[in-house]
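Report on the following structure.
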Amino acid sequence: MSNLLQQLLLPLLLPILSIFFILPSLMHAKSVIEPCRSSNSCTSLLSYILPFDSKISEIAYRFQVNITDILATNSITPAIPTLGNKILRANSLVKIPISCPCVDGIRRSLSTEYIVREADTADSIADGYGGLVSAEQIGIVNGINAKNPLLSRQSLVIPLPCTCFDNSNNGITTVYMSYVVRRGESLSSIGLEFGATVMDLEAINGLGQPVVDPGDILAVPVPACSSANLNWYNESLIVPNGSYALTANNCIKCICGTDDLNLQCFPSGNTAPCSRLQCKGSTLFIGDAYVQHTVAGNCNVTTCVYRGHTGRKIFRSLASSSQCPDKHKAASSTISGSPMSSRDPVVPFISTVPSPSPSPAYFNPSTIGTGTASGPTSYISGDGGRLLGEASCYNLLLPALLVLHYFTW
């Protein structure tokens, strides 16, 4: 009887069982798709988990981006000439900046190319991009199929996910990062890691419920600094929070600090010849501030600010303010690694204090004590907000105290 039941039920059960075994292999990871109509593009980020040990130069070549852009996005100060040859270990997280254009009505990046090698397969090529693209996607974009197999030295276009959403999120300037969900992660843990709420991640990614699976690609919002309200000439810049950008032919370094979303620019200190860094009619260079304290406890602050560039001409001007700078904040770096993730692979290579080469006239001793008698004056360097000097009665008392100490010792 039991054998008869097996013979009768087995043909009925086989199709049902096949669904459970075959369906998982046919399911594709979820990812957000942003429709678009305009031809403009934006800066987007890829959260790239290294599938194997890689040099920074190899990563740059893999995604066809500049090494300096990877260093800037990951807040690495290029103090070591051979930093591009530094090896990052597998499973390290590296943020990759890419341009996100509108292609055939949706946002995606098609600027990355790959040259096929002898032993390559579509799966092995996809694996090299850390889950950001699938073998099926590579095959569809490049027309790879049974009739048109991969060929050695063939050039492939690698479609990569990206989103713009007008570089805005709840009224805050934002850069969006494509993030591949890993096993054991949830919307809550991802939001906690990158400073986003579960509700925000649900809304951005169009999720009906707060459930994600390994391999899903999420658009994660990263707050950013913008030059939109800084009256720059012929230039606009958006810098993700906790990173920096080089502009004006690499002469100017603009950082987006972790404490606020104010863009701060100063000379990069690169070896390339840079001119027009000093504000006219003053001894201040771009990023420097002159602070005069009044008797009433207020401040008169004059700052040499960056105003954009055209060609090799750098625009700058003096700006006035009555807001006293926070000494503790001025004495500390505005960047200390990446605030975006506690899992940052490049911490050993991140300089905790930006240290460009000082301008020739960051501090002019001849001006000490020559201001008005209303109060002390201070000079703040643009390289991370370092307090350079203060003119007050203590400057006059210091020599006398040293002499007194000498004779009473």
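Any value given below was found using the heavy atoms of this structure, including those in side chains, with hydrogens, waters and symmetry copies removed.
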inquiry  = Which heavy atom of Ser47 sits nearest to which heavy atom of Leu93, and what is that distance?
reply    = OG-CD1, 3.6 Å
ask   = Which atom pair, heavy atoms only, marks the closest approach of Ser134 to Ala126?
value = C-CB, 3.8 Å
Hey, does [Y] have a side-chain heavy atom less than 4.5 Å from the side chain of [X]?
X: Glu202; Y: Leu187; value: yes
X: Ser168; Y: Thr173; value: no
X: Thr73; Y: Val65; value: no
X: Val32; Y: Leu218; value: no
X: Phe165; Y: Thr174; value: no
X: Leu261; Y: Asn241; value: yes
X: Ser282; Y: Leu318; value: yes
X: Tyr114; Y: Arg62; value: no

Does [X] reach the main-chain N or O of [Y] with its side chain, forming a donor-acceptor pair under 3.5 Å?
X: Asp123; Y: Ala135; result: no
X: Asn205; Y: Leu201; result: yes
X: Arg182; Y: Ile49; result: no
X: Asn74; Y: Leu71; result: no
X: Ser186; Y: Ser189; result: yes
X: Glu193; Y: Ile190; result: no
X: Asp260; Y: Asn262; result: yes
X: Asn169; Y: Ile172; result: no

query = In a check of side chain to side chain contact (heavy atoms under 4.5 Å, CB included) between Ile158 and each of Leu110, Ile125, Asn142, Leu132, which one passes?
reply = Ile125
Side chain to side chain donor-acceptor pair (under 3.5 Å), paired with Tyr306, selected from Gln264, Arg316, Glu235 = Glu235
message = Around atom CG of Asp166, are there more than 12 heavy atoms from other residues, nucleotides or ligands closer than 6.0 Å?
response = no
Tell me whether [X] and [Y] have SG atoms closer together than 2.5 Å.
X: Cys274; Y: Cys251; answer: yes
X: Cys254; Y: Cys225; answer: no
X: Cys162; Y: Cys100; answer: yes

inquiry  = Going by salt bridge (Lys or Arg N to Asp or Glu O under 4.0 Å), name the pairs with one or both residues in residues 36-54, residues two or more places apart or in two chains.
reply    = Asp53-Arg89
request  = Check whether the side chains of Arg107 and Thr163 place a donor and an acceptor atom closer than 3.5 Å, and report yes or no.
outcome  = no
task = Please test Asn40 against Ser38 for side chain to side chain donor-acceptor pair (under 3.5 Å), starting from the C-alpha separation and ending with a verdict.
result = CA-CA 6 Å; Asn40 66 321; Ser38 62; 2.2 Å; yes
inquiry  = If the condition is side chain to side chain donor-acceptor pair (under 3.5 Å), which residues does Tyr176 pass it with, not counting sequence neighbours?
reply    = none
task = Identify, with sequence neighbours excluded, every residue that meets side chain to side chain donor-acceptor pair (under 3.5 Å) alongside Thr303.
result = none
